[in-house]
Each structure stands twice: as structure tokens, then as C-alpha cells.
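Since the structure comes first, as C-alpha cells, the remarks are kept for the end.
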Amino acid sequence: MEKFEQDRLEKLKKLREKGIDPYGKSCNGLKSLRSIVESYNEKGEESDNVRVAGRISSLRPHGKAAFADIRDWTGKIQLYIKLNNVGEDQFETFKLLDLGDIIGVEGKVFKTKTGEITIVVENLTVLSKALLPPPEKWHGLRDVELRYRQRYLDLIANEQAMKTSLDRIKIIKGIRNFLDSRGYVEVETPMMQPIPGGAVARPFITHHNTLDMDLYLRIAPELYLKRLLVGGMERIYEINRNFRNEGISTRHNPEFTMLEAYEAYGDYNSMMRLTEELVSKLASELRSDSNISFGEKTVDMTTPWRRARFNELLEEYAGVDFDDEAAMRQKAEGLGLETGNMPRDVVANDIFEEEVVPKLNNPTFVIDYPASLCPLTKLCEDDKRFAQRFELYIASIEIANSYTELNEPLEQEKRFIEQIGGKLDWGKLDDDFILALKYGMPPAGGLGIGIDRLVMILTGNPSIRDVILFPLLRPASRPPAEETVE
RNA sequence: GGGGGCAUAGCUCAGCUGGUAGAGCAACGGCCUUUUAAGCCGUAGGUCGGUGGUUCGAGCCCACCUGCCCUCACCA
């Protein structure tokens, strides 16, 4: 507690008395710890000094010598400090160091008799004196609440946390490279929207003072991206945050990262091919094994992935015939689902989520959804009861959602009105979007991929909070309740 | 929002049937110039999440509150 801080403040004072700045300056010519190890393994011992920096993660003093481990974000390396080598003054400085301090070191690389690649310290710089101790070195930081609230400690203490975070960055970069190489361009559309559209979800509301108007944090960028299709941008994507004022769970964070991509003159089939190529490529770049363990489950990412119609799967896993509405309603009631005044499509979808989704373990494209569930989608040509939409499920989690985009303005307007007549009580009809469509939008395929969920699958983390650096939490301590309010 | 679980030293965890608080790591003092979960000797460290209650006595039982985890609902 305060005791730890007191002890360390005392050492800080002593460092200053020795004329050392405990919060040092920038360093040139630093090498990553991993590169030191790799270069030693390739070339063996070298006569030149190396310069490195890192956080002290272990200290093993031996009187007039000491071993220490320092860690950077590429790995760790052992240091060997000998009184004979560094002299009285620097050895004194070393003794004022603690676990968690960040130091710079210069010295030669060698191998100890136990075979560990080690830097013999010749020169030592204090770069940051830590006033609080890091989490325990062996067990790391286990307390999930602390891991989320103080993510920096998680990153320091748990290698896996750092790896997942860096893997996430690789995945997002991989997506950009993939799309860029296919002639897509990345665009930015409004996060604050006067009418939150492109999905059905409760939005966050905010207010602009000068314009004196309420705005909504976007629930999807879709309607703006399609305006760009109208404007002639033929291959576009956006990777950015969406905000939905809904429940929080292992698969839901109020702000989450979404990829949306649109390809003029494509359709949901072209987007399906794109999705399979993209996701399987990311998977193989990240791990050599095509099997990913995900909680209790194991997912086989080997392509080609299964493609099955919505109603086929309903038949296969729920034993329900989409055409036999009475039997379907009976089945739903048997599952304890509310069927009351629900339209048939909604009942079918409820059964689907209850009975089919839990069984979709290996990557599966579910295609051709009931039409009324897809207000922004073109209908199937051979059966107008279904729409040209697919969703990709992996480990029973919805990863991607794609349509052949509806580009008929009057039909779109009609479907919006039906939707509003239904249950939407926030927002209104986005007639500016309809106006855009009236100028002509090319036929197009559109694709959305939930990035956080994709990262969950590809890194094998079953909780979304482990792939978002700072997931939303309640404040740890809240001010005492006001007696006068409410 | 409903249901279930968890909260003990800085960290990781024990704590029996209710009898007054423990270990390892970290810390502090000492010894130690190839160790690696270094070792050896010694020391210190606690509002047992919070507030009430039951009891001669509460970390333990009860109620309420706070936070987190799981799950259901809303949703991606």
C-alpha cells in the first residue's frame, strides 16, 4: 500500500542525491530484445555493445553481482550486473532499482553456463522509477476486474494480453491490406447522425449546443456508405466504431468496431467469396493450425466453408418446414418462445436462433433469409419470400452479415415505412437517403464484419472484453447516492 | 432488468462446525560475483468490498448496498 510507495520514494530520493534523473530521456539506437536473441542465435557472440531498454521483471541479487530480467513488447532478456564491470557507483544505482522500473542498458551479449542469452551490463540508465510494484511475477494478474480496469497491468503481467492486443492490430491491418489490394478505398462517414439508420438498435443520444440539435451516435455507417455508391465510389470500406445502447455481454460491448464494405456491380455471392478468402487468409497468417480452440469448442477453419439456405438449416436442425406455418408455430411454442402476433418470418428466426445457431460450429454461410427480416436487401429472384442475404457463423457467433443491396428507391421507401410502422420509435425515416437512391445507385454487394468478434475467434478469446483494450465498466466507486434526487 | 456465483495483505491464494488472521511472491534488514519461480537468516505488512443485524463472540450466519464474472432478455 502506502508502504511500498514510501520505500520507493526513498530510493527515488537517493537516486536524485546521486545526481541521477530517475525519469530519463529518449535513447537512440535501441534494439528490441527479441532481435538481440535472434541475432545471437544466428551469428553468435559479437564484440560490439548493444543498447536495449525495458522494464525489470525479475531480480536475482547475489551480493556483489546480480541477474535481472528486463522485458519489452517483443520479449525478455537476462541482464548480468557485476560490481567489477560497472564499478562502485553504478552498482549502487542498481541496488536502488526495483521490479517494474524501466531502465536502459548497454553491454555485450553472451551465453551463461546454463545456456541463457544474457547481456553483461557495462552501462546503466534509469528511465522510469516505478512507485508501485507490478503484479506478481509467477501467476501474473488474474483478477479479471483489475485486468480490465488497469489494462496496463494486464499488458505488463500477462504475455497473452499483449499478444492478443497485437494480434488484433495485425488482423485489422490485414483486412486493410486485403481490401486495398483489391481496389477498395477506405472512407470515413459520420459517427454523429441526425437519424440513426442502417440497423435496428437503440442509439446513444447526444446534443450539439450551437446547432441546438440532438444527434445520435451511429448504430451503423451503411446509409452513408451507400450514398457514396450513388456518388460513384465503386469499392469502399470503413473500419470504425458503432455504438448501440443495448445490453453488455461476452459478445457485446456498447461501442464496437465494424467493417463495412461495398462493391458496385457485385452481389452477396461476390461478397461471400470475398469473406471466405479474407477470413481464411487472416486465420492462416495468424496461426499455422487450421483448428482454433475457442473455450470448450474447437473450430476447423479449413475451406471451403459450408453454404446452406436458412430454411434448409431450419429443417435440418430444428425439424421445421418453413412452408408449414402451423407446425412451425407449434414448434416455437414447444421451445417456450412467444409467438403471439409475431409474423411467420420472426417466428422462424426465433427458432433458428434457438435451435440452429448453437450447432453452427465450423464456419457456415447461412444464405437467403426470410424477406421481411431484411429491409435493405434485394429479394431472391426465384422465391420472393426470401432475400439475398447471408450471415457467416463461426463457433455459433455471428461474424459477418451481407446483402445484395436494394437499389430501388421506391421499394426502399416502402420497406422503411413498413419498418417504422412496426416498432421503431426512435429516429425517423431517412428521406435524404431515399433522395440519394433516386439519383441511381448501382447494384452492389455489401458486407459487414464484426471486428471484435472476428478477433475473438482468430485469437481464441471467448469474451469480447479480452479483445477490447478498454471495455466499458461501471466506475469502481460511485459517489454516494444523493438523498434529494428522485 | 431477472437468475446464479465471486469479493481475505501490493499480487496469487488458504482459512474446518462461528472462538478473534495464514502461506507463497513482492517489500524491509543481513549474508552471498553464473543465477533463473536463486538460496539462507530475520522483520514488517489486514476497515476480511461497504452498512446494518443475529450471537457471549462473525472472515464464516442473515438483510441491504457496491463492483465484477456467468447466464437469460434486448442486440451484432
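The salt bridge (charged side-chain N to carboxylate O under 4.0 Å, His left out) search around Lys108(A) returns Glu122(A), not counting sequence neighbours. Scanning for side-chain hydrogen bond (donor to acceptor under 3.5 Å, both in side chains) contacts around Arg227(A) gives Asp430(A), Asp432(A), with sequence neighbours left out.
Expressed to the nearest 0.5 Å, how far CD1 of Ile394(A) lies from OG1 of Thr364(A) amounts to 8.5 Å.
No engagement by Gly448(A) is indicated, since no non-hydrogen atom pair under 4.0 Å with the nucleic acid exists. As judged by a 4.0 angstrom heavy-atom cut-off over every strand, Asn245(A) is placed among residues making no nucleic acid contact. If you check every strand for non-hydrogen atoms under 4.0 Å, Gly450(A) touches nothing. Counting any heavy atom pair closer than 4.0 Å across all strands shown, Glu398(A) reaches sugar-phosphate atoms only and no base atom. Within 4.0 Å (heavy atoms only), Phe110(A) reaches at least one base atom of the nucleic acid. At a threshold of 4.0 angstrom between heavy atoms, the contacts of Arg142(A) are confined to the sugar-phosphate backbone, with no base atom among them. Within 4.0 Å (heavy atoms only), Thr250(A) reaches sugar-phosphate atoms of the nucleic acid but no base atom. Contacts of Leu141(A) with the nucleic acid, taken as non-hydrogen atoms under 4.0 Å apart, involve only primed sugar atoms and P, OP1 or OP2.
A heavy atom closer than 4.0 Å to some atom of RNA chain B occurs in Tyr148(A), Arg149(A), these being the qualifying members of residues 147-154 of chain A. Within residues 76-85 of chain A, the residues having any heavy atom closer than 4.0 Å to RNA chain B are, in order of number, Gln78(A), Tyr80(A), Lys82(A), Asn84(A).
Summarising the base pairing, rG46(B) is matched to no nucleotide, lacking a Watson-Crick or G-U wobble pair whose two defining distances lie under 3.5 Å. rU12(B) is paired with rA23(B) under the criterion used here, namely a Watson-Crick or G-U wobble arrangement in which both key atom distances are under 3.5 Å. For rA7(B), the paired nucleotide is rU66(B), the pair qualifying as Watson-Crick or G-U wobble because both relevant distances are below 3.5 Å.
Taking each heavy atom of Arg244(A) and Ala220(A) in turn, the nearest pair found is NH2-CB, 4.1 Å.
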Distances for protein N/O vs nucleotides 25-28 of chain B N/O pairs under 3.5 angstrom?
| unit_1 | atom_1 | unit_2 | atom_2 | d |
| --- | --- | --- | --- | --- |
| rA26(B) | OP1 | Lys137(A) | NZ | 3.1 |
| rA27(B) | O2' | Lys3(A) | NZ | 3.2 |
| rA27(B) | O2' | Asp7(A) | OD2 | 2.7 |
| rC28(B) | OP1 | Lys11(A) | NZ | 2.4 |

So which protein nitrogen or oxygen atoms get under 3.5 Å of nucleotides 2-4 of chain B's nitrogens or oxygens?
none

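For Lys18(A), the NZ atom sits in a packed shell: over 12 heavy atoms of surrounding residues, nucleotides or ligands are nearer than 6.0 Å.
Among Lys163(A), Arg251(A), Arg168(A), Arg147(A), the one residue that satisfies the salt bridge (charged side-chain N to carboxylate O under 4.0 Å, His left out) test with Asp466(A) is Arg147(A).
Under the 3.5 Å distance criterion, the side-chain polar atoms of Thr275(A) are matched with a main-chain donor or acceptor of Met271(A).
Seen from the ring of Tyr369(A), Arg389(A) counts as a face-on cation partner, given the 6.0 Å and 45° thresholds.
Using atom C1' as the reference point in both rG3(B) and rA76(B), the two lie 24 Å apart (nearest Å).
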